[in-house]
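What follows is one structure encoded as structure tokens, with my remarks underneath.
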Amino acid sequence: MKILLVGSGGREHALGLGLQADPECNELHVAPGNPGIAQFATCHPLVVSDNQAIIDLAQHLDVDLVVVGPEVPLVNGVADLLRAAGIAVFGPSKAAAQLEGSKNFAKEVMADAGVPTARSFTCTSHDEIEKALDAFGAPYVVKDDGLAGGKGVVVTRDRQEALEHALACKRVVIEEFLVGREVSLFGISDGKTILAMQPAQDFKRAYDNDLGPNTGGMGAYSPLPWAPSEIIEDTHKKILAPMIAEMAARGTPFVGLLYAGLALTDHGTRVIEFNARFGDPETQVLIPLLKTPLASLLYRAATRNLEGVKLEWKNETAVTVVLAAKGYPSAPQFGDLLGDFPTVENTLVYHAGTSHNENGLVSSGGRVLTVTGIGSDLTEARDRAYRAISHISLDGSFYRTDIALNASVAEKGN
Ligand code: AMP
Ligand code: GLY
């Protein structure tokens with residue numbers, strides 16, 4: 001099978017390695033890719049928001065499958081165009097990607113599917129906004145209805161800040177604050193059947209102890225030793241399967257990766273948000289643990305043939321730590337030289353924001369590398385990830401030192 005993977009981050013580096021490890025994949029192309037991916041796949045220049053360029057490349061290469069990493073081309077409808085051209089694609093149609101593209105749409109589908117989520121109001125006027133803020137009280141949760149590149153959600157006790165964010169949005173979802181641990185749980189869907197992956201936890205704040213600004217994600221681990229044993233089955237039954245059934249009933253089946261961001265509250269599991277693509281950096285811990293060959297799996301999803309497939313996992317634990325550029329997330333500094341670093345056993349260094357210039361390998365994104373350690377438990381996986389990242393030098397860069405720390409202490413105590 002010949003595959004084109006679209007994207008350039010740590011997520012695509014992990015997906016690319018997973019695809020390439022499947023003997024069914026005999027040619028892997030990535031666009032645009034990055035220097036890490038270029039070590040094992042053929043990279044092609046591409047602007048990911050240019051749908052026509054994606055179609056042209058897929059046709060030119062005559063690929064059997066396109067896997068789309070980021071949300072922007074999906075929300076722009078690239079999957080519809082690929083399918084119309086007769087090319088199998090792992091990624092939802094424009095209509096189905098609205099589960100990520102519009103918070104209000106996701107709420108409507110959840111309501112129709114009976115999927116538990118925070119109570120909410122969708123507002124378009126000043127008056128509605130004021131009423132919604134007062135209906136729920138602090139802490140306020142204010143979400144831009146549309147895609148906002150990770151800057152759409154404000155959670156604050158400051159009513160003025162909440163109001164200003166809401167007024168700056170064209171349409172805004174204001175919802176109840178959920179109390180509970182957060183879990184990311186991904187489903188791989190062919191439109192009719194959805195397979196739940198094992199859960200992961202993502203660390204969104206920039207600094208240790210969950211301080212600092214929200215980011216795209218500073219680290220992750222999987223599996224979660226503290227999660228209820230029935231979490232996968234339960235999420236499949238109450239959330240993923242009803243969503244897939246509802247999308248199919250609406251005539252807009254969801255084919256691709258349905259990312260459920262969950263809060264485990266005292267009243268049960270609630271959906272915080274859906275994304276229509278693999279999460280980053282959760283993918284960097286899930287893919288190295290997945291035993292099921294990835295290329296065949298995503299091809300079966302893309303060709304509506306997942307029935308009867310069971311996901312298999314390695315009996316290991318993975319922890320990933322993001323190396324971020326100085327100034328990330330507000331004003332990341334680029335162009336700094338990455339020193340050579342040794343390979344550490346049982347670790348993987350995924351490139352996220354790197355490029356080559358005349359001096360060598362340099363930083364070119366806010367999240368520069370993602371370093372994953374694999375071990376028999378969280379302590380071992382953490383030690384390996386942190387040992388590997390400590391050998392990497394990049395001027396001004398930083399990383400969180402507490403990824404999976406509490407969970408690993410709790411695991412040892414058990
Ligand atoms: P999102 O962009 O929807 O993932 O939101 C970013 C972060 O805001 C989430 O990871 C949560 O930590 C927080 N958040 C979003 N919605 C809620 C909510 N209803 N209650 C509490 N926290 C929330
Ligand atoms: N890890 C969060 C995201 O991918 O949106």
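Keep in mind that what you see is a predicted model, and the values were worked out from it rather than measured. Order of listing sets the numbers, starting from 1, for every ligand and every atom in it.
No donor-acceptor pair under 3.5 Å is formed between the side chain of Arg157 and the backbone N or O of Tyr140. Not a single donor-acceptor pair under 3.5 Å links the side chain of Ser189 to the backbone N or O of Val255. Side chain of Thr235 to backbone of Ile232: no donor-acceptor contact under 3.5 angstrom is found. His165 places a side-chain N or O within 3.5 Å of a backbone atom of Gly152 that can act as its donor or acceptor partner. Checking side-chain atoms of Arg382 against main-chain N and O of Ile403 turns up a donor-acceptor pair under 3.5 Å. Remark: the backbone N or O of Leu306 is paired with a side-chain donor or acceptor of Asp190 at under 3.5 angstrom.
Per-atom contact check: atom 7 (C) of ligand 1 does not touch the protein, criterion being a heavy-atom distance below 4.0 Å.
Short contacts between ligand 2 and Gly279, defined as distances under 4.0 Å to a heavy atom of the residue, involve ligand atoms 4 (O). Atoms of ligand 2 lying under 4.0 Å from at least one heavy atom of Asn275, given by number and element, are 5 (O). Close approach to Ile272 involves these atoms of ligand 1, each under 4.0 Å from a residue heavy atom: 15 (C), 16 (N). If you number the atoms of ligand 1 from 1 as listed, the ones under 4.0 Å from a heavy atom of Lys204 come out as 4 (O), 10 (O). In the vicinity of Tyr259, heavy-atom distances shorter than 4.0 Å reach the ligand 2 atoms 1 (N), 2 (C), 3 (C), 4 (O). Of all atoms in ligand 2, listed by their number and element, those nearer than 4.0 Å to a heavy atom of Asp202 are 1 (N), 2 (C). Applying the 4.0 Å criterion to heavy atoms of Val155 picks out, from ligand 1, the atoms 8 (O), 13 (C), 14 (N). Of all the atoms in ligand 1, the ones that sit under 4.0 Å from a non-hydrogen atom of Phe177 are 20 (N), 21 (C), 22 (N). Close approach of ligand 1 to Glu175 (heavy-atom distance below 4.0 Å) involves ligand atoms 16 (N), 17 (C), 18 (C), 19 (N).
Within the structure, the closest approach of Gly216 to ligand 2 falls below 4.0 Å when heavy atoms are considered. The closest approach between Phe278 and ligand 2 stays at or above 4.0 Å for every heavy atom of the residue. For Gly217, the heavy-atom gap to ligand 2 stays at 4.0 angstrom or more. Ligand 2 lies nowhere less than 4.0 angstrom from a heavy atom belonging to Arg11.
Ring planes of Phe278 and Phe186: perpendicular class, angle over 60° (limits at 30 and 60°). A tilted orientation is assigned to the rings of His351 and His13, their planes being inclined by 30° to 60°.
Any N or O atom pair closer than 3.5 Å counts here, and Asn214 shares no such pair with ligand 1. Residue contacts with ligand 2: Lys204 is placed with no nitrogen or oxygen under 3.5 Å of a nitrogen or oxygen of the ligand (distance criterion only). Residue Leu178 has at least one N or O atom closer than 3.5 Å to an N or O atom of ligand 1.
Under 4.0 angstrom from ligand 1, the non-hydrogen atoms of Lys143 all belong to its side chain. Looking at Lys103 against ligand 1, only its side chain comes within 4.0 Å, counting heavy atoms.
Taking the six-membered ring for Trp and the full ring otherwise, the centers of Phe121 and Phe136 sit less than 6.0 Å from each other.
With salt bridges taken as basic N to acidic carboxylate O contacts below 4.0 Å, none links Asp145 and Lys143. For the pair Lys107 and Glu175, the salt-bridge criterion is met [side-chain N within less than 4.0 Å of a carboxylate O].
Of the listed options Gln284, Glu282, Gln201, Glu71, Glu282 places a heavy atom closest to atom 1 (N) of ligand 2. Counting heavy atoms only, Val141 comes closest to atom 17 (C) of ligand 1 of the residues Val173, Val141, Ile174, Val142.
Atom 4 (O) of ligand 1 has Glu273 OE2, 2.6 Å as its closest protein atom, hydrogens excluded (heavy atom only). Among protein heavy atoms, the minimum distance from atom 11 (C) of ligand 1 is reached at Glu182 OE2, 3.0 Å. Nearest to atom 5 (O) of ligand 2 among the protein's heavy atoms is Arg277 NH2, 3.0 Å. Nearest protein heavy-atom neighbour of atom 2 (O) of ligand 1: Val153 CG2, 3.2 Å.
In this structure, Thr269 and Lys238 have side chains that are not in contact, with every pair of non-hydrogen atoms separated by 4.5 Å or more. In this structure, Gln201 and Val183 have side chains that are not in contact, with every pair of non-hydrogen atoms separated by 4.5 Å or more.
When the shell of 6.0 Å around NZ of Lys237 is examined, it contains 12 or fewer heavy atoms from other residues, nucleotides or ligands. Sparse packing is recorded around OH of Tyr299, with 12 or fewer heavy atoms of other residues, nucleotides or ligands lying under 6.0 Å away.
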